[in-house]
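For reference, the structure discussed in these notes is given below.
Everything quoted here is computed from the prediction, not taken from an experiment. Each chain gets a letter, A, B and so on, in the order the sequences are listed, and its residues count up from 1.
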Amino acid sequence: MQNLSELLKKAQEGNKEAFGKIYKFFYKKIYRYCKINIYKSELAEDVCQETFIRAWKSLPSFSINYKGTFQAYLFRIARNLIIDLSRKKKEFSLENVGEIGVENNLEENIDKEAEINNLKKALSKLNEIDRQVIILRYFEEMSHKEVAEVIGINEGALRVKTIRLLKKIKEIIIKL
Amino acid sequence: MKEEQLNDLKKAYLDIKPKGSIEDRWKKLSFLLPQRKKIPASFYRYALILTLIFVFLISAASKAVLAVKPGNPLYPIKKITDNLVKEVSKKIPLSNRENKTVKSKINCCDQQGSPSAKPTTPRDIIKNIEKNINSIIKNNKNKNTNGNKTESKNETSKNNNLKVDKVEDQDKNEEVKGERTIDENDNARKK
């Protein structure tokens, strides 16, 4: 893959091919983030596509100096879309995962399905911001700065929060 | 144990993959993305040149309008601009220069008066200025009175000179009259 900043420059000028490369690079990450936050996989796909459309539209005004990394920028767009969707349709939010149950055709492998079920159950016991911190910091391995940018909180406060959350998630895992 | 379970959760998260190929999704999306219009670099050049020409024309027109005299069709424009300038100048606060003159006058007052009687309120400042103006007017009056005296002297001397001139004129007239009577008498004798 070409240098991301070069691709971004080209995409900002209106080069769709360059944006396609960026899309292919980030699509999986954004999809699983949407998928874990939204219960329905079709909706997750729609949100994912909408994220990239919005990113394309707002790309000319994007600046790494002012808006941080492009990855954080994409995740922030996705998060805002997920929040909007959860306000509109509450039944698709992750808080209701225990009540509705897990989608049958989520994965082919039954073991994997069980693991994902456990993951969703564990995450559903956290509040929205804590869940985002765990997903972005521990699962996506993003930096504190990037996570702070996505969630919109202070970096220092986030560092303190992550230590506390790690203990909390371990306690939740034991109970599962 | 906890760490392993946490790692399992992480693996489960990373195993989430979209159905179908990403390539197909991109093809679908690429049609949905709006085409961005690219502005050519020459556009900015033309825009800059046009703005410069526009500014030049406006400055030239404004200068030409200022020099217009009544009767000219552009005179109403000049009137409007003058009115505008007046209104704007009213809104502008006192300039530093004016403030400086007021301050200098206040300093003068301070130097003349006692140090304890420094003007603090605007009324005091105005009073001091009035006092100064009155003193200046008085000085001027005194000068005028002195000047009047000298002028009166000059006027009396001038009047005297005029009187002398008048007497001389009268004498001349009388002489002329006398000569005329003599001539008339001679003519009568001849007849």
- Item | B:Leu32, part contacting chain A, at a heavy-atom distance under 4.5 Å | side chain

- Message: For the CG atom of A:Leu8 and the CG atom of A:Asn15, what is their distance to the nearest 0.5 Å?
- Response: 11.5 Å

- Query: Side chain, backbone, both or neither: which part of A:Ala44 has an atom under 4.5 Å from a heavy atom of chain B?
  - Reply: neither

- Sort out for me which of A:Glu45, A:Arg32, A:Lys24 touches chain B most, counting heavy-atom pairs under 4.5 Å. A:Arg32

- Query: Do A:Lys10 and A:Phe19 touch side chain to side chain, with heavy atoms closer than 4.5 Å?
  - Reply: no

- Under 4.5 Å from any heavy atom of chain B - which part of A:Leu166: side chain

- Across all chains, not counting sequence neighbours, the side-chain hydrogen bond (donor to acceptor under 3.5 Å, both in side chains) partners of A:Glu141 are B:Lys10

- Query: Is the backbone N or O of A:Phe62 less than 3.5 Å from a side-chain atom of A:Gln12, with the two atoms forming a donor-acceptor pair by type?
  - Reply: yes

- Task: Output the rest of the hydrophobic cluster of B:Leu84: all Ile, Leu, Val, Met, Phe, Trp and Tyr residues reachable through side-chain heavy-atom contacts under 4.5 Å, sorted by chain and number.
- Result: B:Ile80

- Message: Given heavy-atom pairs under 4.5 angstrom as the criterion, report whether the side chain, backbone, both or neither of A:Tyr138 touches chain B.
- Response: backbone

- Item | Heavy-atom proximity to chain B below 4.5 Å, by part of A:Ile53 | both

- Examine whether an atom of A:Gln49 lies under 4.5 Å from a heavy atom of chain B, and if so say whether it belongs to the side chain, the backbone or both; otherwise answer neither. both

- Item | Salt-bridge contact A:Glu13-A:Lys9 (side-chain N to carboxylate O under 4.0 Å) | no

- Query: Side chain, backbone, both or neither: which part of A:Ala55 has a non-hydrogen atom closer than 4.5 Å to chain B?
  - Reply: neither

